[in-house]
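For reference, the structure discussed in these notes is given below.
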Amino acid sequence: MATSKVEGSSSLRHAFGGVLSVFILLLIGVVAFSIRLFSVIKYESVIHEFDPYFNYRVTQFLSKNGIYDFWNWFDDRTWYPLGRVIGGTVYPGLTLTAGTMWKLANSLNIPLSVETVCVFTAPIFSAFAAWATYLLTKEVKGTGAGITAAAILAMVPSYISRSVAGSYDNEAVAIFALIFTFYLYIKTLNTGSLFYATLNSLAYFYMVCSWGGYTFIINLIPMHVLLCIVTGRYSSRLYIAYAPLVVLGTLLAALVPVVGFNAVMTSEHFGSFLVFIIIHVVALVYYIKGILTPRLFKVATTLVLTVGIAVCAVVVAILVALVASSPTKGWSGRSLSLLDPTYASKYIPIIASVSEHQPPTWPSYFMDINVLAFLVPAGIVACFLPLSDASSFAVLYLVTSVYFSGVMVRLMLVLAPAACIMSGIALSEAFGVLTRSMKFHITKYFECSHTEAPAKLGESTSTESSAPLENMTKSDTTEKPEVARKEKVARRKQKKEKELTENAHVKPVSAKKEKRPLVLPLEASIVSVFLLIVLGGLYVLHCVWAAAEAYSAPSIVLTSHSHDGLHVFDDFREAYAWLRHNTEVDDKVASWWDYGYQTTAMANRTVIVDNNTWNNTHIATVGTAMSSPEKAAWEIFNSLDVKYVLVVFGGLVGYPSDDINKFLWMVRIGGGVFPHIKEADYLKDGQYRVDAQATHTMLNCLMYKLSYYRFVETDGKGFDRVRRYEIGKKHFKLTHFEEVFTTHHWMVRIYKLKPQKNRIRGKSRKSKLGSKSTSSKSGGMTHKNPWN
Amino acid sequence: MATEPSIATSILLLVLFLTTSTISSASPSSDDLVAELESLRASSPSGVIHLNDASVSRFLSTASTPRPYSILIFFDASQLRSKPELHLRELRSEFGILSDSFSKHNPTSSRLFFAEIEFMESQASFAQFGVNSLPHVRLVEPNHRALKDSDPMDQGYFSRLAESMSEFVESRTGLEVGPIIRPPPLSRSQVVALVVIFLISMPFMVKKVIQGETLLHDQKVWMGLAIFVYYFSVSGTMHGIIRGSPLFVRDRNNPDRLVFFYEGSGMQLGAEGFAVGFLYIIVGLMIAFVTHGLVRVRNVVTQRMFMLVAMAVGFWAVKKVIYLDNWKTGYAIHTYWPKRWR
């Protein structure tokens, strides 16, 4: 609160405040980074899950071969025999970022491995995101709110879930890019500076490079512009903030290979072009209004309106025709399912089946944004008192993202920054009022001899703007140390606007009570502050717990606690290492697509399908092979040059997401392309089971056999700990496959396709078969078997 | 696999039969039946013929096989339509769309007819078909002698509504249904009317907007809207809409008792979401009221009273949500301590 007591002391206070906030921001960065290290500390410095392994592999390639080779990379290690054009089908932002960081570190003689850089990219960018949140919220509601919002964002569980150390995925950098783009937009809007507008386009470019979620930006910003125009808030600053973004941003976006002409051809982007036209029409109207007298303007209005509407109608008609000419109306299924939430569940069962795409229930909000859910409404109200361009943007961001998060639980990630900004504003405003009241009462109490002092405090502020609260936010905007002439003009305009709204707001009250400062009773304030601190404490406790327990498991290394201590299941890496060291470089490994990325990255072997599910037929082929009897499966795999088949099996240790549990999807996807695979054949009375009552087809399919081969030897009964019953068919032999490796806990089993048999008839064939099966069995014994 | 030859033979038979019947007109009665069915189809809405016990026996059970037509029958029951989990109403309308699309693509085809049977008026037919659960769709092919032999549609074919039903029809009868034609949500004349109204009102709207005197310029409206959307989302209403979960359910053990809160994190009931959503926003609104409204109140006693109330309500709401969350998901906010520190 910059009351003009003494010039020197106030500037000293400002300097002190500045240093303090820099220090606080540093600490926030440290918190954001370190809270995400639980996964490294509790497990190890390892890359998590599935997609990050692909990103890691791409980064390795980039750091080894340079950017041009990366750009033109055709990957023949995946989707055999099709291959995949990596350079043109990935969002390169994350990879380029990590590659640059690695190069920078190495050029400074810091010998980091690529993996280390990849593991720590997400935490580093979380710190950046926290700082970006500070900047954005500062533009909206001042420094105090900014720092609070940054602190909250540093540890919001929803964001932690996607950015713990090791989760090297697009979202890790994209959330930072998102917030930073929004900050630059608001900054441009507040200053009207072309410099920031250009930066804004560049930030948008970075966002487009990083994540498909950039369409959120290119729709949200036009919406805000439109809202500003409709509510009569058009200004030249708005024009400068928007027009360069559309032109430069779209041009830049089209440079990214994976986006390319989509940036101008798909409906997701059309909204921005429409608004681009509208803002020009409006700008023209305002310009004409400026150069004409009011009477002439009225005449001109009618003229312009008719012409303008005609032009608009033509453009709209063209757009509609364009949109209608494309089969899905130009919208991708995912976007459509956001606009019409029931769309996915009706028409795209694959999208609807993914757990990330489920609509959340209320406990999800409590888990992912915790007490922020309570604070956000206060933030919304605060943004409306008074409403500025910036705060209206914050509200719009919140409202759209909260709606989308209601459709898909995955989009909670986009809501998190908005909720943090709102909560930061709410908390800071509440603390502002309460601590001011406390300060006011305490100073009054101590300096009761100088009765004027507090009154003066109240008076001086009330003469200026009548409310200390408003004054605070205002002083923040006026204190911005800035330069440009344009900005000053803009500021003046903004101030005028603000004063106008304030006056309108406060007038009836301020006339009566000019001398009373806006404060609350002392003891109630103290209790309220205490309660708010308790609320914040709950939040911190929850976040630390969520970071440590809920979101840090790498899923490549599993642990379980039992009464006799900690068990570590490192079977995946064991299996991939075996493949790497015991098979030929060009051998093909077939597995369900979930393990494709990991196999190529860790075992460096060619896979048939992977997590980039671009070719449904290919996936269906593998699904069909897995659901076929041994011989048919062997033929399919042999036709694909497959040497090894890898299955994940959890029955021994009780790992629930194994291939047997995913098997119905293989059947469904396989059956979708090859109709001789019928789901009903695998179900007994509509129930999926592999026990004694399972269907004949089920018990003879490849997946069953590969999963349960020799399983009965473990405990003599064949009790499956995931399904919790004894398996249906216990003793059987493999004719076309031989077991070559089974990991320590039997979680990954690798089989080799037997070579084609010679055409021998009669007795000799029989004896040969017998000898082969015994040899395969003994071969299996010699390999690691924990039970011998 | 076993069905393929049977389909082929049936088609063969059908073709043979059709040619013989047209050339020699051996069985005039079947031609009559076809003509009758066609006229019935023309008079029924969306071409779905309403069958009853009499017409079932006339067209199906007593007609000599092989019949020159297949009939796809939708089994309906008006007293079960109120049960949302059966989706009867929805499936029936999809069935109508399927029928419509078929007749659009094959306007003169008399090889496949669509029909429905209502349970209350034709219980005998239900028994003949051996249908005892709904939703149920059956295809009676030309050479099905007994009605029980007819081909039931698997539950899986209901999943993608008319699209998957048409796959069933195409795979069993060999007839081409063609792409499903859904009626547009607005008819052509409605669209034209809307566009005209929009065009006419546009100058007025633009004028109002420029003058700044619409509802849109009232910040309170925007604020209310924003808070409403927030409430809508955090209360999980979308979950209710997409999953079609009811507001409340009746207790299984005690039908008089209503259950408003569902235990288990994957699912929620409507009322439960609204209640918690209310708890979510009430705290924020209290904070907003205290920070922005109450400070302007002159009377210290009022301020004190309201703050007490706000704090009590806020405390209660937070506590309640934490308690409910704990009850529902089994998670309680607790500190994280590494094992070694304990």
Side-chain angles (χ1 to χ4, degrees), chain A residues 230-232 305 309 313 341-342 345-347 349 359-363 365-367 371 373-382 384-385 387 395 398-399 402-403 405-407 426 429-430 433 469 509 513 516 518-521 524 527-528 531 535 538 541-542 544-545 548-549 676 679-680 686, chain B residues 1 154 156 159-161 202-203 206 209 212 216-217 219 222-223 226-227 229-230 232-239 241-243 265-268 273 276-277 280-281 283-285 287-288 290-292 294-296 298 300 303-304 307-308 311 314-315 318 321 325 328-329 331 333-336:
Chain A
V230 167
T231 51
L305 269 188
I309 286 172
T342 51
S345 59
K346 269 192 220 149
Y347 304 113
T361 53
W362 66 263
Y365 284 94
F366 197 66
M367 178 69 198
V371 304
F374 295 114
L375 296 171
V376 168
I380 297 177
V381 175
F384 275 95
L385 304 167
L387 191 69
V395 172
L398 177 94
V399 167
V402 83
Y403 170 76
S405 76
V407 180
E429 301 255 300
V433 170
L469 188 57
V509 197
K513 44 145 207 170
R516 226 194 128 266
L518 296 176
V519 291
L520 293 164
V527 179
S528 305
L531 285 180
L535 198 68
L538 278 182
L541 288 184
H542 173 79
V544 173
W545 174 84
E549 299 278 338
H676 70 275
E679 192 180 342
Chain B
M1 278 178 275
D154 271 343
S159 61
R160 282 182 301 118
L161 307 171
M202 197 152 155
V206 170
V209 166
L216 294 179
H217 291 77
Q219 291 185 3
W222 287 107
M223 188 159 87
I227 289 176
V229 172
Y230 181 76
F232 178 86
S233 291
V234 289
S235 60
T237 316
M238 204 53 98
H239 182 270
I241 293 175
I242 293 176
R243 293 289 173 75
S265 55
M267 168 61 188
Q268 75 166 41
V276 179
Y280 277 149
I281 66 162
V283 179
L285 290 182
I287 294 174
V290 169
T291 33
H292 299 285
L294 206 59
V295 280
R296 301 183 197 284
R298 299 196 66 188
V300 181
Q303 279 189 333
R304 205 162 276 154
M307 279 193 77
L308 269 181
M311 281 188 288
F315 186 76
V318 174
V321 170
D325 187 59
K328 195 173 169 73
T329 62
Y331 162 68
I333 292 183
H334 59 266
T335 44
Y336 169 76

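Proteins get letters first, then strands, A, B, ... in listed order; numbering begins at 1 in each.
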Between A/Y365 and B/S235 (side chain of the first, backbone of the second, donor and acceptor by atom type, cut-off under 3.5 Å), is there such a pair? no

Quick one: which of B/G236, B/A226, B/G273 has the most heavy-atom pairs under 4.5 Å with chain A, could you say? B/A226

Option that, when pairs with chain A are counted at under 4.5 Å, heavy atom only, ranks first among B/D325, B/L285, B/V290: B/D325

Out of B/V321, B/V276, B/V283, B/V229, return the one with the most heavy atom pairs under 4.5 angstrom to chain A. B/V276

Segment of B/M223 engaging chain A (4.5 angstrom heavy-atom cut-off): both

Taking the inter-plane angle between the rings of A/F366 and A/H542 on a 0 to 90° scale, is it parallel (under 30°), tilted (30 to 60°) or perpendicular (over 60°)? tilted

Quick one: side chain to side chain donor-acceptor pair (under 3.5 Å) partners of B/S233, sequence neighbours excluded? none

Where does A/P363 contact chain B at under 4.5 Å (heavy atoms): side chain, backbone, both or neither? both

Hey, are the side chains of B/W222 and A/V399 touching, using non-hydrogen atoms and a 4.5 Å cut-off? no

Using a cut-off of under 4.5 Å on heavy-atom pairs, state which of A/V376, A/V544, A/V527, A/V395 scores highest against chain B. A/V376

Return the CG to CZ distance between A/L538 and A/F374, rounded to the nearest 0.5 Å. 9.0 Å

